[in-house]
Amino acid sequence: MFILRILAYLFGQVTMVVKGRTLEKFINMATTRGIHFWDVKRLDEDTLVVRTTLSAVKPLRHIARRTSSRFHITEKKGLPFALSNVLKRKPLLIGVVVFVSGLYLLSSFVWFIDVEGNKSVPREEILRAAREAGIYRGTAKWSFENSAVEDGILERIPRLSWVGVRLHGTKAIISVAEKKLPAVEIAPGRSDIVAGKAGLVEDVLVLKGQAVVKDGQTVLPGEVLISGEIWPAEAVDEDGAVLPREPRYVRAKGIVRARVWYEEYGEMALVEEGMQATGRVAQAWSIKIGRRQINIKGSPNPPYKDYERTVTVRRLPGWRNLVVPVEVVSTTFREIKPYKRSRSREEAFETARNEVLEAIRSQLPKEYKILNQKVEIIKTGRPEELVRVRASVEVLEDIGVERTLK
């Protein structure tokens with residue numbers, strides 16, 4: 001029955017009121033001729049309300065005459081009637097045809113060009129080579145071949161080893177792979193290893209340069225730990241005179257491990273109130289032509305009492321001096337509802353503890369060793385509906401940072 005109703009909608013369906021003294025004969029004759037009825041209701045002894053397909057109306061007129069019955073149509077539904085109404089509204093039909101034709105025409109051009117895979121070759125240089133090879137913003141898709149553009153870019157930029165061009169809608173994506181050139185050795189200059197943060201020096205390992213700090217020394221951010229300036233040992237000549245010395249400059253290398261302390265404060269309420277999403281979403285689509293906005297799907301009015309609204313406007317790109325005054329507007333409504341969450345003091349402490357420790361971990365380097373960790377509750381001496389905590393973490397880490405000197 002469900003499939004029959006779908007077919008009835010596609011080919012049209014009508015609701016009719018049938019009157020006569022031989023309604024059973026009317027129904028039986030129609031059924032034997034393959035005419036189906038549904039939603040049959042009897043209003044009185046001589047009146048029926050039925051639904052049937054549009055194609056059944058003409059045969060039913062013949063059956064009505066033979067059974068001395070009569071009927072009239074009260075409602076028309078289905079695709080044929082919808083199309084008929086659209087065809088009667090010629091301005092709207094013309095607008096839809098023009099809009100669809102414009103979309104098809106504009107989709108036949110390249111409006112956006114992306115470049116991916118380049119590191120040392122500038123994006124502008126690749127776009128310039130692509131333009132000379134035949135692809136640029138506003139060019140028709142049928143006016144170039146991908147392989148010809150790829151060969152043209154490779155010919156104009158020898159630093160590239162491979163070029164690939166693919167189209168995705170109105171976007172052209174140019175993927176490139178650069179040639180690996182031999183590394184050029186740069187003459188060594190001077191650099192120092194300085195403290196990136198404050199700490200208590202625990203261990204100094206010099207690979208190149210001269211240590212300036214020692215174990216047990218407290219350093220501040222920016223303080224030199226390993227200097228790239230190396231002085232030779234003092235020497236004297238045969239007469240006992242001190243010989244002049246000249247420093248040697250290198251790029252300092254080494255590891256300076258120090259104890260670093262991190263502290264974070266956090267709090268968590270015992271009763272938390274706010275708004276949260278329910279997961280229910282409604283969406284509406286409309287087309288804006290000039291100042292007129294036509295709704296094509298969904299309701300533009302919010303279906304929920306409490307909601308968040310997101311509006312996305314997609315504009316068709318212009319071409320040269322032509323501006324297309326057509327916009328596709330998408331409106332999304334997300335239902336939200338108030339919530340109230342209660343926690344015990346133990347739960348609030350555990351949540352606040354995890355948050356402050358996570359905040360500290362986000363500040364730590366890739367390699368570290370936790371020496372000590374402490375999380376304590378802060379008491380203010382007055383009753384509060386929240387739990388306050390302070391975390392202190394002692395970490396052993398490399399605090400050295402290279403600083404180049406000119």
Side-chain angles (χ1 to χ4, degrees), residues 1-104 280-305 307 326-333 335:
M1 195 65 180
F2 177 71
I3 296 178
L4 292 177
R5 293 196 178 194
I6 293 178
L7 294 175
Y9 176 81
L10 293 176
F11 295 102
Q13 63 179 353
V14 296
T15 302
M16 58 176 61
V17 177
V18 186
K19 295 184 178 182
R21 295 184 178 276
T22 57
L23 296 179
E24 290 79 4
K25 185 178 180 181
F26 176 87
I27 296 294
N28 291 335
M29 289 184 66
T31 304
T32 57
R33 285 165 173 75
I35 299 174
H36 298 279
F37 298 108
W38 62 90
D39 294 344
V40 179
K41 296 180 182 178
R42 193 170 196 122
L43 300 183
D44 54 44
E45 185 177 354
D46 298 331
T47 308
L48 285 177
V49 177
V50 298
R51 286 190 181 181
T52 186
T53 59
L54 176 62
S55 60
V57 174
K58 189 174 181 179
L60 285 175
R61 296 188 188 278
H62 175 68
I63 295 173
R65 285 194 297 268
R66 293 189 60 183
T67 58
S68 300
S69 304
R70 64 184 186 278
F71 65 84
H72 66 275
I73 297 173
T74 59
E75 186 180 13
K76 301 177 181 180
K77 285 185 177 181
L79 189 60
F81 303 110
L83 292 177
S84 177
N85 293 332
V86 171
L87 292 175
K88 291 178 182 178
R89 302 173 65 181
K90 292 184 179 179
L92 176 61
L93 180 61
I94 294 173
V96 172
V97 172
V98 171
F99 175 70
V100 173
S101 301
L103 283 180
Y104 176 77
R280 299 177 61 188
V281 178
Q283 199 166 24
W285 293 84
S286 61
I287 298 176
K288 188 174 182 181
I289 305 175
R291 295 185 178 180
R292 185 179 180 185
Q293 188 162 336
I294 304 173
N295 190 56
I296 59 175
K297 183 180 179 182
S299 173
N301 300 318
Y304 313 119
K305 178 182 177 182
Y307 61 91
V326 177
E327 298 176 347
V328 179
V329 182
S330 169
T331 306
T332 303
F333 301 97
E335 185 184 31

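As the structure is a computational prediction, the values presented were derived from the model and not from experiment.
- Distance check: S286 OG to I296 CD1 gives 7.0 Å after rounding to the nearest 0.5 Å.
- Taken to the nearest 0.5 Å, the CH2 atom of W285 stands 9.5 Å off from the OG1 atom of T331.
- Below 30°, between 30° and 60°, or above 60°: for F71 and F26 the angle between ring planes is between 30° and 60°, a tilted geometry.
- Of the possible donor and acceptor atoms, one in the side chain of T74 sits under 3.5 Å from a partner among the backbone N and O of T15.
- Between the R42 side chain and the E45 main chain, a donor and an acceptor come within less than 3.5 Å of each other.
- No donor-acceptor pair under 3.5 Å is formed between the side chain of N28 and the backbone N or O of T31.
- Between L23 and G20, the closest heavy-atom pair is CG-O, 3.3 Å.
- Annotation: the span from R70 atom CZ to R61 atom CZ amounts to 14.0 Å, rounded to 0.5 Å.
- Within the model, atoms CD1 of I287 and CD of Q293 stand 10.0 Å from one another, a figure rounded to the nearest 0.5 Å.
- Among all heavy-atom pairs drawn from T22 and S69, the shortest one is OG1-OG, 4.1 Å.
- Residue A284 comes nearest to S299 through the heavy atom pair CB-O, 3.3 Å, listed as atom of the first residue, atom of the second, then distance.
- The minimum heavy-atom distance linking R21 with D46 is given by the pair CA-OD1, 4.1 Å.
- The two residues T52 and H36 come nearest to each other via the heavy atoms OG1-O, 3.0 Å.
- Between I27 and L48, some side-chain heavy-atom pair lies under the 4.5 Å cut-off.
- M16 CE to I73 CD1: the interatomic distance, rounded to the nearest 0.5 Å, is 5.0 Å.
- Of all heavy-atom pairs spanning Y307 and F333, the tightest one is CD1-CD2, 3.9 Å.
- Under the 3.5 Å distance criterion, the side-chain polar atoms of R66 are left unmatched by any main-chain donor or acceptor of H62.
- The side-chain contact (heavy atoms from CB on, under 4.5 Å) with V18 is formed by just one residue from the set V50, I63, T67; it is V50.
- Distance check, rounded to the nearest 0.5 Å: CG of L60 to CZ of R33 gives 10.0 Å.
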